[in-house]
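Everything on this sheet refers to the single structure shown next.
Note: hydrogens, waters and symmetry copies are ignored here, and every other heavy atom, side chains too, is used. Keep in mind that what you see is a predicted model, and the values were worked out from it rather than measured.
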Amino acid sequence: VSVDPSLKDQMLAAIPNLRAFAISLTNNPDRADDLVQDTIVRAWGNIDRFQPDTNMRAWLFTILRNLFHSEYRKRRREVEDSDGAYAAKLSVRPDQHGHLDFQDLRTALAKLPVDQREALLLVGAQGLPYEEAAAICGVPVGTVKSRVNRARSRLAELLQLDAHPQIGPDSVTMAVLAVD
Amino acid sequence: MLVHMPAEVHGRIGAGLRALYADLLAEPVPERFVSLVDQLGVPAKIPIS
């Protein structure tokens, strides 16, 4: 069996995005890394199904998302990050206020129903088009739009946005983040 | 039915999510993944669940 060696490079290049998605989805970095590892192994085992002219990252997202849902069904009664393990492992930002606001956002994300959370992460954080997010989630585009909309509304409610001037880091850090 | 929220709130949520993601994307890839991909050999068929 011969496999294009560049496929490994494509997988490696997708790992930061897979980890960001998995961490945000599970709210638990250890589980997230196990999920990413399972995704890579599963994808490699089915690499013959990957169409070379398609998007490797989207294909990996689909596998990760399916694995997450399989695991989620098994762990349904488990309380996610009940001991704050995720928050404790986060890197500390230079601005303490910004760091605390990020924690608020993470906590609020974890409270969203999982279907809304994944839709919002794919579209609002990952920046995927609705069509691609719909393909990954295996639902119609309209369903993704509806889930994203409900997720944003719920987040606004949970974060009491009217009472907060800003989510995220301070303006200096934001300026740095905005530079490509 | 879609709920319409003020553009400012919509923008704040979007900016917060992108900043949060930028934070996660900036983390270095753990060595375990570099080794894992490096060691992938001839694919063995594993069903996609």
Side-chain angles (χ1 to χ4, degrees), chain A residues 1-3 8-9 11-12 15-17 19-21 23-24 33 36-37 40-49 62-63 66-67 69-70 90-91 93 98 101-102 105-106 109 120-121 124-127 145-146 149-153 155-156 159 161-162 164-169 173-174 177, chain B:
Chain A
V1 180
S2 153
V3 178
K8 283 189 177 183
D9 294 336
M11 282 187 166
L12 204 51
I15 285 176
N17 291 87
R19 289 189 76 230
F21 183 48
I23 289 170
S24 304
D33 279 349
V36 171
Q37 178 164 327
I40 296 294
V41 171
R42 192 66 60 106
W44 192 250
N46 291 274
I47 201 70
D48 58 320
R49 290 197 198 180
T62 305
I63 296 172
N66 289 343
L67 285 171
H69 279 273
S70 299
L90 296 170
S91 58
R93 286 195 153 270
D101 283 345
F102 270 160
L105 182 53
R106 289 186 183 102
L109 271 173
L120 184 64
L121 290 169
Q126 193 72 47
K145 287 183 178 175
S146 168
N149 186 268
R150 276 182 280 144
R152 284 194 179 114
S153 298
L155 272 189
L159 293 165
L161 278 184
D162 290 345
H164 291 77
Q166 182 184 346
I167 302 171
T173 310
M174 281 298 282
L177 289 171
Chain B
M1 191 170 87
L2 295 184
V3 177
H4 294 284
M5 64 170 57
E8 187 198 356
V9 174
H10 190 287
R12 280 186 198 171
I13 290 173
L17 286 171
R18 287 191 295 275
L20 182 66
Y21 238 54
D23 206 37
L24 293 171
L25 289 173
E27 289 185 15
V29 173
E31 183 55 37
R32 71 186 267 194
F33 293 115
V34 179
S35 303
L36 173 68
V37 173
D38 194 43
Q39 289 168 14
L40 290 171
V42 175
K45 196 77 184 164
I46 304 171
I48 296 178
S49 57

Contact check, side chains of [X] and [Y], non-hydrogen atoms, under 4.5 Å:
{"X": "B/L40", "Y": "A/M11", "value": "yes"}
{"X": "A/L121", "Y": "B/Y21", "value": "yes"}
{"X": "B/L36", "Y": "A/V41", "value": "yes"}

For residues [X] and [Y], report the shortest heavy-atom separation together with the two atoms involved.
{"X": "B/D23", "Y": "A/R106", "result": "OD2-NH2, 3.6 Å"}
{"X": "B/P28", "Y": "A/R19", "result": "O-NH1, 3.8 Å"}
{"X": "B/V29", "Y": "A/P16", "result": "CG2-CG, 3.7 Å"}
{"X": "A/L12", "Y": "B/V34", "result": "CD1-CA, 4.1 Å"}

What is the distance from atom CD of B/E27 to atom CD1 of A/I15, rounded to the nearest 0.5 Å?
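The CD1 atom of A/I15 is 13.5 Å from CD of B/E27, to the nearest 0.5 Å.
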Going from CG on B/L24 to OG on A/S24, what distance comes out if it is rounded to the nearest 0.5 angstrom?
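OG of A/S24 is found 5.0 Å from CG of B/L24.
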For chain B, which of A/D9, A/L155, A/N17 has the most heavy-atom pairs under 4.5 Å?
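Option with the top pair count is A/N17.
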Keeping A/R152 on the side-chain end and B/I13 on the backbone end, is there a donor-acceptor pair under 3.5 Å?
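Not confirmed, A/R152 side chain does not pair with B/I13 backbone.
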Under 4.5 Å from a heavy atom of chain B, the part of A/D33 involved
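For A/D33, backbone and side chain are both near chain B.
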